[in-house]
Novice: 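Please find one structure pasted underneath; my questions will follow.
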Amino acid sequence: TRIDYRLNDKQSVFVRGNIDKNDSVAGSGLESTWIASSNYSYQTQLGVTSVLTSKVVNDFRFSYSYYRNRLFSPSQEICEGLAGDPNHCFGVGGTLINFFGGLSVGNNANTPQDRHPRTYQFTDNVSWTKGSHRLRFGGNWEHVYSRGSWFRNHAGTFSTFSPVALQQNFRALYDTL
């Protein structure tokens, strides 16, 4: 949404804002290893354009944005809704287990994550016109404040090897067993 307002013959103001929210689940392999995502963003901007003289114009902008991103393992209910078969949801919420370098079940090692960056930005530009020439100069200041968490591999990972892979890659262990 955007609102424009003319204060007088020499000044105009605008304000605009946007909100977006979306949720999704995506991945490959068994649904128990997929990643669910919940996102929310809010952005707003304010601008003031001022004609200081017939040759000098000032353009000021302020912008604020917030973005929330959460990544998590799907619940049993979400998994069954996607898979259509509860057997495909084996291992939901559990330790990631990789079988023989192929099949995997359990939590994706990249979940959970939670991010909350906020950005504040001020921009001010001046345009000066003289004849057929124009000189523009200004400044920009941006501050990003962010917090979040990433509990990578919080449920653990366990990998199994086939006897052939064990023999080829870990000969001493294979011989011992």
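What you see is a predicted model; the values in this text were computed from it and never measured.
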Novice: Could you point out which residue of N39, D114, T111 forms a side chain to side chain donor-acceptor pair (under 3.5 Å) with R70?
Specialist: D114
Novice: To the closest 0.5 Å, what do you measure between CD (Q43) and OG (S63)?
Specialist: 7.5 Å
Novice: Search all heavy atoms of S38 against all heavy atoms of R68 and return the closest pair with its distance.
Specialist: O-NH1, 2.9 Å
Novice: Closest heavy-atom contact between N22 and D20?
Specialist: ND2-OD2, 3.6 Å
Novice: Going by the rule ring-ring contact (aromatic ring centres under 6.0 Å, His included), which residues pair with Y120 if we only count those two or more places apart in sequence or in a different chain?
Specialist: Y64
Novice: Should V51 and V13 be regarded as members of a common hydrophobic cluster, given that ILVMFWY residues are connected when their side-chain heavy atoms come within less than 4.5 Å of each other, either directly or indirectly?
Specialist: no
Novice: Can V48 be reached from Y5 by stepping across I, L, V, M, F, W or Y side chains whose heavy atoms are under 4.5 Å apart?
Specialist: yes
Novice: Over all heavy atoms of both residues, which pair between C89 and A83 is shortest? Give the atoms and the distance, please.
Specialist: SG-CB, 4.1 Å
Novice: Which heavy-atom pair separates N108 from S73 by the least distance, and what is that distance?
Specialist: N-OG, 4.1 Å
Novice: Please determine if D4 and R6 form a salt bridge, counting it only when a charged side-chain N lies under 4.0 Å from a carboxylate O.
Specialist: no
Novice: Between Q121 and V144, does a side-chain contact (heavy atoms from CB on, under 4.5 Å) hold up when you go through it step by step?
Specialist: CA-CA 9 Å; Q121 183 177 18; V144 177; over 6 Å; no
Novice: Drop me the distance from R118's CZ to H143's NE2, to the nearest 0.5 angstrom.
Specialist: 11.0 Å
Novice: Measure from the side-chain N and O atoms of S50 to the backbone N and O of L52, and report whether any donor-acceptor pair falls under 3.5 Å.
Specialist: no
Novice: Would you say D9 has more than 12 foreign heavy atoms packed within less than 6.0 Å of its CG?
Specialist: no
Novice: For E142, I'd like to know if atom CD has over 12 heavy atoms of other residues, nucleotides or ligands within 6.0 Å.
Specialist: yes
Novice: Nearest 0.5 Å, what's the CG-CG distance between D59 and N125?
Specialist: 6.5 Å
Novice: Once you round to the nearest 0.5 Å, how far does OG1 of T49 lie from NZ of K10?
Specialist: 14.0 Å
Novice: Could you check whether atom NZ of K21 has more than 12 heavy atoms from other residues, nucleotides or ligands sitting under 6.0 Å from it?
Specialist: yes
Novice: Using a 3.5 Å distance criterion without hydrogens, assess whether the side chain of T44 forms a donor-acceptor pair with backbone atoms of R16.
Specialist: yes
Novice: Are any side-chain N or O atoms of N107 and backbone N or O atoms of G93, one a donor and one an acceptor, separated by less than 3.5 Å?
Specialist: yes
Novice: What's the verdict on side-chain contact (heavy atoms from CB on, under 4.5 Å) for N18 and T1, showing C-alpha distance, side-chain angles and the deciding distance?
Specialist: CA-CA 6 Å; N18 180 52; T1 303; over 6 Å; no
Novice: Verify the distance criterion only: is there a donor paired with an acceptor across the side chains of Y66 and H116 at less than 3.5 Å?
Specialist: yes
Novice: Can you give me the closest heavy-atom contact between C79 and V92, atom names plus distance?
Specialist: SG-CG2, 3.8 Å
Novice: Please determine whether the number of non-hydrogen atoms from other residues, nucleotides or ligands lying under 6.0 Å from atom CD1 of I3 exceeds 12.
Specialist: no
Novice: When you group the ILVMFWY residues by side-chain heavy-atom contacts below 4.5 Å and let the links chain together, are W34 and F90 in the same group?
Specialist: no
Novice: Side-chain contact test, heavy atoms from C-beta onward, threshold under 4.5 Å: evaluate it for R136 versus W128 and give yes or no.
Specialist: no
Novice: What is the distance from atom OG of S41 to atom CD1 of I19, rounded to the nearest 0.5 Å?
Specialist: 8.5 Å
Novice: For the hydrophobic clusters of this structure (ILVMFWY residues joined by side-chain heavy atoms under 4.5 Å, transitively), does one cluster hold both V25 and I35?
Specialist: no
Novice: Take R2 and F14 through the test side-chain contact (heavy atoms from CB on, under 4.5 Å) and record every step on the way to the result.
Specialist: CA-CA 7 Å; R2 179 176 167 137; F14 78 86; 3.6 Å; yes
Novice: Grab the two heavy atoms, one from T33 and one from S104, that are nearest each other, plus how far apart they are.
Specialist: CG2-O, 3.5 Å
Novice: W141 pairs by ring pair (Phe, Tyr, Trp, His ring centres under 6.0 Å) with which of F122, F60, F62?
Specialist: F122
Novice: Return yes if a side-chain donor-acceptor contact under 3.5 Å exists between N69 and Q113, otherwise no.
Specialist: no
Novice: Taking atom types as modelled and ignoring hydrogens, do the side chains of D124 and N58 form a donor-acceptor contact shorter than 3.5 angstrom?
Specialist: yes
